[in-house]
Amino acid sequence: MKPRFVTVVTGIPRSGTSLMMQMLAAGGLEPLCDDARPPDADNPLGYYEFEAVKCIQRDARWVSDAVGRAVKVVQPLVTELPGGHAYRLVWMRRPLDEVLASQREMLMRLGGEPDDLPSERWVAIFRDQDRALERWLDERGDARALLVEYRDAVSNPGATARNLDAFLGGELDCEAICRVVDPALYRRKADPPG
């Protein structure tokens, strides 16, 4: 049975949102995505993005098409999701030093120059985005969130799959979710805590 809510995969860029979309798709939850951004060296299995999401502030009609499906929405745009729908957010988290290193590496691979904004400023920006999303969740009666640590999704996909299945209604194929996870693609790692 198709869920009556929109599954929103969110997080800051390079936090594991593409992996989570791959996991949900493998588990049987249809993704809302297009081929506007093809796979590349940074995401060899694809980005699973939907171009219309970027224009949500001007046109959110596409959200109706996302009911019963999974859609990736970058963290700052989640607060633009309109009322009238129920949302289940799968909120990806990853250590910020890994995120920043992965973002810089991707920018360099694309031929760009690393930005000159200090890491401390990026950390402050990302923390502000976290607080804004937490406030939005507190204010909305139609939205719930499941936090998923990227490291856990890669190192223990079985537990992650079971948590996702329970959160999203109990109809996911947990074994298929586990098969899609490739630990070799976790290339930028921070030192473990402690």
Side-chain angles (χ1 to χ4, degrees), residues 2-25 29-40 42-43 45-94 96 98-100 102-104 106-107 110-148 150 164 167-168:
K2 198 172 180 180
R4 296 184 181 175
F5 50 81
V6 179
T7 300
V8 176
V9 174
T10 194
I12 59 178
R14 309 305 296 163
S15 63
T17 54
S18 298
L19 170 64
M20 181 51 63
M21 288 293 291
Q22 294 157 18
M23 292 171 79
L24 292 173
L29 186 57
E30 181 185 358
L32 178 61
C33 58
D34 53 37
D35 294 323
R37 189 174 185 191
D40 60 22
D42 296 299
N43 266 347
L45 300 178
Y47 285 89
Y48 285 78
E49 294 178 353
F50 187 57
E51 197 69 16
V53 170
K54 297 175 185 175
C55 304
I56 191 170
Q57 293 162 315
R58 292 190 314 273
D59 183 359
R61 288 176 293 180
W62 60 266
V63 176
S64 294
D65 294 332
V67 174
R69 299 164 84 179
V71 63
K72 185 160 83 166
V73 179
V74 71
Q75 192 166 314
L77 293 181
V78 170
T79 56
E80 302 293 332
L81 288 166
H85 300 284
Y87 299 100
R88 297 291 178 271
L89 272 64
V90 180
W91 188 355
M92 296 301 295
R93 304 294 285 267
R94 187 175 182 184
L96 292 179
E98 290 184 8
V99 166
L100 292 171
S102 182
Q103 287 178 352
R104 285 191 183 108
M106 183 170 74
L107 183 63
L110 295 173
E113 293 292 322
D115 61 70
D116 54 3
L117 203 60
S119 293
E120 298 78 27
R121 183 66 188 120
W122 278 116
V123 168
I125 289 168
F126 293 147
R127 291 212 169 115
D128 285 346
Q129 291 176 4
D130 282 352
R131 285 190 287 272
L133 184 49
E134 287 165 357
R135 281 192 304 273
W136 182 83
L137 284 164
D138 287 343
E139 294 165 2
R140 300 283 294 247
D142 57 1
R144 295 175 33 215
L146 174 69
L147 288 175
V148 178
Y150 177 71
L164 288 167
F167 181 64
L168 297 175

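Everything quoted here is computed from the prediction, not taken from an experiment.
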Peer 1: Near R140 CZ, under 6.0 Å, is it more than 12 heavy atoms from other residues, nucleotides or ligands?
Peer 2: yes
Peer 1: Would you say P13 and V74 make side-chain contact, with heavy atoms under 4.5 Å?
Peer 2: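 Touching, per the 4.5 Å side-chain cut-off.
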Peer 1: Using the salt bridge (charged side-chain N to carboxylate O under 4.0 Å, His left out) criterion, which residues pair with D130? Sequence neighbours excluded.
Peer 2: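 Scan of D130 (salt bridge (charged side-chain N to carboxylate O under 4.0 Å, His left out), adjacent residues dropped) gives R93.
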Peer 1: Do the non-hydrogen side-chain atoms of V78 and Y87 ever get within less than 4.5 Å of each other?
Peer 2: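 Side chain of V78 against side chain of Y87, heavy atoms only: no contact under 4.5 Å found.
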Peer 1: How would you list, by chain and number, every residue that makes a salt bridge (charged side-chain N to carboxylate O under 4.0 Å, His left out) with D59, sequence neighbours excluded?
Peer 2: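 Salt bridge (charged side-chain N to carboxylate O under 4.0 Å, His left out) list for D59, sorted by chain: R61.
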Peer 1: Taking the side chain as C-beta and beyond, is there a heavy-atom pair between S15 and T17 under 4.5 Å?
Peer 2: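 They are in side-chain contact.
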Peer 1: Distance check, rounded to the nearest 0.5 Å: Q129 atom CD versus Q75 atom CD?
Peer 2: 5.5 Å
Peer 1: Measure the shortest side-chain to side-chain distance between P3 and L29 over non-hydrogen atoms and say whether it is less than 4.5 angstrom.
Peer 2: yes
Peer 1: Within this structure, what is the OG1-CG distance for the pair T7 and L168, rounded to the nearest 0.5 Å?
Peer 2: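 Spacing of OG1 (T7) from CG (L168) equals 4.5 Å.
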Peer 1: Taking only residues two or more places apart in sequence or in another chain, which ones pass side-chain contact (heavy atoms from CB on, under 4.5 Å) with D128?
Peer 2: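 Listed in chain order: R131.
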Peer 1: Measure the shortest side-chain to side-chain distance between Y48 and M20 over non-hydrogen atoms and say whether it is less than 4.5 angstrom.
Peer 2: no
Peer 1: Can any side-chain N or O of T10 pair as donor or acceptor with the backbone N or O of V73 at less than 3.5 Å?
Peer 2: yes
Peer 1: CG of D138: more than 12 outside heavy atoms within 6.0 angstrom?
Peer 2: yes
Peer 1: Ignoring hydrogens and geometry, is there a side-chain-to-backbone donor-acceptor pair from D34 to E51 under 3.5 Å?
Peer 2: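 Looks like yes, one N/O pair under 3.5 Å.
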Peer 1: For the atom pair NE2 (H85) and OG (S64), what is the distance rounded to the nearest 0.5 Å?
Peer 2: 3.5 Å
Peer 1: E30: which residues meet the side-chain contact (heavy atoms from CB on, under 4.5 Å) condition with it, sequence neighbours left out?
Peer 2: R69
Peer 1: Which value, rounded to the nearest 0.5 Å, describes the distance between M21 atom CE and K72 atom NZ?
Peer 2: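 Rounded to the nearest 0.5 Å, the CE-NZ separation comes to 7.5 Å.
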Peer 1: Measuring from atom CG of L19 to atom OH of Y150, what distance do you get when rounded to the nearest 0.5 angstrom?
Peer 2: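 Taking CG in L19 and OH in Y150, the distance rounds to 5.5 Å.
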Peer 1: Atom CD1 of I12 and atom CD1 of I125: how far apart are they, to the nearest 0.5 Å?
Peer 2: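 Here the interatomic distance stands at 10.5 Å.
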Peer 1: Looking only at heavy atoms, what is the nearest atom pair of V71 and A66, with distance?
Peer 2: CG1-CB, 4.2 Å
Peer 1: My understanding is that only residues two or more places apart in sequence, or in another chain, count here; which of them pass side-chain contact (heavy atoms from CB on, under 4.5 Å) with L137?
Peer 2: L89, W91, L133, A143, A145
Peer 1: With a 4.5 Å heavy-atom cut-off, do W122 and V99 have their side chains touching?
Peer 2: no
Peer 1: How close do L32 and F50 get, counting heavy atoms only, and between which atoms?
Peer 2: O-CB, 3.5 Å
Peer 1: Considering non-hydrogen atoms only, spot the tightest contact between D142 and G84 and give its length.
Peer 2: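 Minimum heavy-atom separation between D142 and G84: OD2-N, 4.4 Å.
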Peer 1: Tell me every residue that passes side-chain contact (heavy atoms from CB on, under 4.5 Å) with A60, counting only those two or more places apart in sequence or in another chain.
Peer 2: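 By the side-chain contact (heavy atoms from CB on, under 4.5 Å) rule, A60 matches I56, V63, P82.
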